[in-house]
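These figures come from a predicted structure and were not determined experimentally.
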Amino acid sequence: MDVRREIKLLLVFLTLSLAGFAQGRTPDFVFELGSTRYFMDLSKGNTKAKNDTVFYNLYRFGKTQRIGKEIKHIVDRRTGDTIISGSYEVIKNQIFFYQKEKNKATVLKLYTQNNKGLLSVQRAVSTFVAPPKSAPIEPLPPYDNTGNPEKVDIPAEFPGGINKARLFIANNIQYPDEAVEEGVNGTVRVKFTIELDGSISNIQIVQKLGYGCDEEVIRVLKRMPKWTPAKLNGKFVRSYFIMPVSFRTTD
């Protein structure tokens, strides 16, 4: 049994090595989505450019065509400061690429593998601004029954935190065909109420983008799981949340 296992592992290693060398080098990162193996090589940008850029290059084993190219980091050659830092994680049938830039929201690029083993890319990027810990940004609507809508001790929170909210939006939002055709880029700002039971209500678009983007944001928010409602003096109260959702047609 041990000999068979060792032979099997050796064959897997040889397969991975040969696939890597087919690209001219040993893979830097290897992972699986279901039964499909993927790997990534790192490559550098223009050596004469002002900034030093390194990319993730995503491939499927056995294929020479690159699936995706995402930023790993961009560093100022003169100062050594990091301008953009990138990372990735693999969760079930999805690959998440993150790009962080100082004083800017994190950009998320999502690759999802379907039942046929093919990857699709979601180009919509969702960013979020949480309310300050002391209070929501504006007074709540009149129907809030706390009597003190301008005061909360603990803001409402999405299950698992704001990063989980990012993942939920990225998993569910679809770029409207009309917006893609017109090359629309911009941000939808949406305001909604988080009720005493954590459900979402009173969804309002406070900054419109059009081309079906506003309706798509409303559709996704209606599918959100319940939040943990805000608290005031130890009791759950209604509160509201303002969220910007950005749409981009460019990488």
Side-chain angles (χ1 to χ4, degrees), residues 29 31-38 40 56 58 60 67-72 85-101 104-131 156-180 184-195 197-201 203 205 207 209 211-229 241-251:
F29 306 96
F31 55 88
E32 294 183 355
L33 297 183
S35 60
T36 305
R37 292 190 177 93
Y38 296 87
M40 286 193 293
Y56 293 111
L58 175 64
R60 182 181 288 109
I67 299 172
K69 183 178 182 180
E70 306 296 338
I71 294 174
K72 185 178 187 294
S85 62
S87 61
Y88 80 95
E89 63 179 334
V90 179
I91 302 177
K92 294 184 178 179
N93 67 325
Q94 296 175 315
I95 312 168
F96 297 84
F97 287 94
Y98 305 94
Q99 294 177 17
K100 296 181 180 180
E101 188 172 358
K104 291 187 179 181
T106 299
V107 175
L108 172 64
K109 192 77 167 290
L110 177 64
Y111 291 75
T112 302
Q113 181 173 273
N114 61 25
N115 294 333
K116 296 181 179 179
L118 301 177
L119 286 178
S120 63
V121 183
Q122 288 179 298
R123 296 179 178 274
V125 179
S126 303
T127 58
F128 305 86
V129 177
E157 185 178 31
F158 187 84
I162 198 64
N163 286 334
K164 292 295 184 181
R166 290 191 180 98
L167 298 184
F168 178 88
I169 293 291
N171 282 337
N172 289 277
I173 204 163
Q174 299 292 328
Y175 214 114
D177 292 340
E178 185 180 3
V180 174
V184 173
N185 293 274
T187 300
V188 176
R189 292 183 65 85
V190 60
K191 171 182 174 181
F192 54 89
T193 300
I194 301 168
E195 295 289 346
D197 64 353
S199 61
I200 291 175
S201 67
I203 301 173
I205 302 297
Q207 178 180 313
L209 184 58
Y211 298 93
C213 297
D214 307 330
E215 293 79 4
E216 177 62 14
V217 170
I218 292 175
R219 183 191 70 83
V220 173
L221 288 181
K222 286 182 177 180
R223 298 181 60 184
M224 265 192 164
K226 290 185 177 182
W227 293 49
T228 299
F241 203 89
I242 293 180
M243 178 182 296
V245 180
S246 299
F247 289 82
R248 300 190 315 163
T249 56
T250 55
D251 291 333

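Under the rule for a ring pair (Phe, Tyr, Trp, His ring centres under 6.0 Å), Phe168 has no partner lying at least two apart in sequence or in another chain. Not counting sequence neighbours, Tyr211 has no partner by the ring pair (Phe, Tyr, Trp, His ring centres under 6.0 Å) test. Looking at residues two or more places apart in sequence or on another chain, you find a side-chain contact (heavy atoms from CB on, under 4.5 Å) between Ile205 and Val188, Val190, Lys208, Asp214, Ile218. Glu157 meets the side-chain contact (heavy atoms from CB on, under 4.5 Å) test with no other residue; sequence neighbours excluded. For the side-chain contact (heavy atoms from CB on, under 4.5 Å) test, residues two or more places apart in sequence or in another chain that qualify with Leu118 are Asn114, Lys116. Taking the side-chain hydrogen bond (donor to acceptor under 3.5 Å, both in side chains) definition, one finds that Ser199 meets it with Asp197, sequence neighbours left out. Here Glu32 pairs with Arg37 under the side-chain hydrogen bond (donor to acceptor under 3.5 Å, both in side chains) rule; sequence neighbours left out. Residues meeting the side-chain contact (heavy atoms from CB on, under 4.5 Å) test with Asn115, sequence neighbours left out: none. With sequence neighbours excluded, the residues forming a side-chain hydrogen bond (donor to acceptor under 3.5 Å, both in side chains) with Tyr98 are Glu89, listed by chain and number. For Asn171, the side-chain hydrogen bond (donor to acceptor under 3.5 Å, both in side chains) partners two or more places apart in sequence, or in a different chain, are Gln94.
In this structure, Lys72 and Tyr88 have side chains that are not in contact, with every pair of non-hydrogen atoms separated by 4.5 Å or more.
A donor-acceptor pair is defined here as one N or O able to donate and one able to accept, closer than 3.5 Å; such a pair exists between the side chain of Gln113 and the backbone of Leu33.
Looking at Thr193 and Ser201, their side chains never bring a donor and an acceptor atom within 3.5 Å of each other.
In this pair, Tyr38 and Phe31 present their aromatic rings parallel. The plane angle is below 30°, not in the 30 to 60° band.
Contact between Glu216 and Asn172 at its shortest, heavy atoms only, is OE2-O, 3.8 Å.
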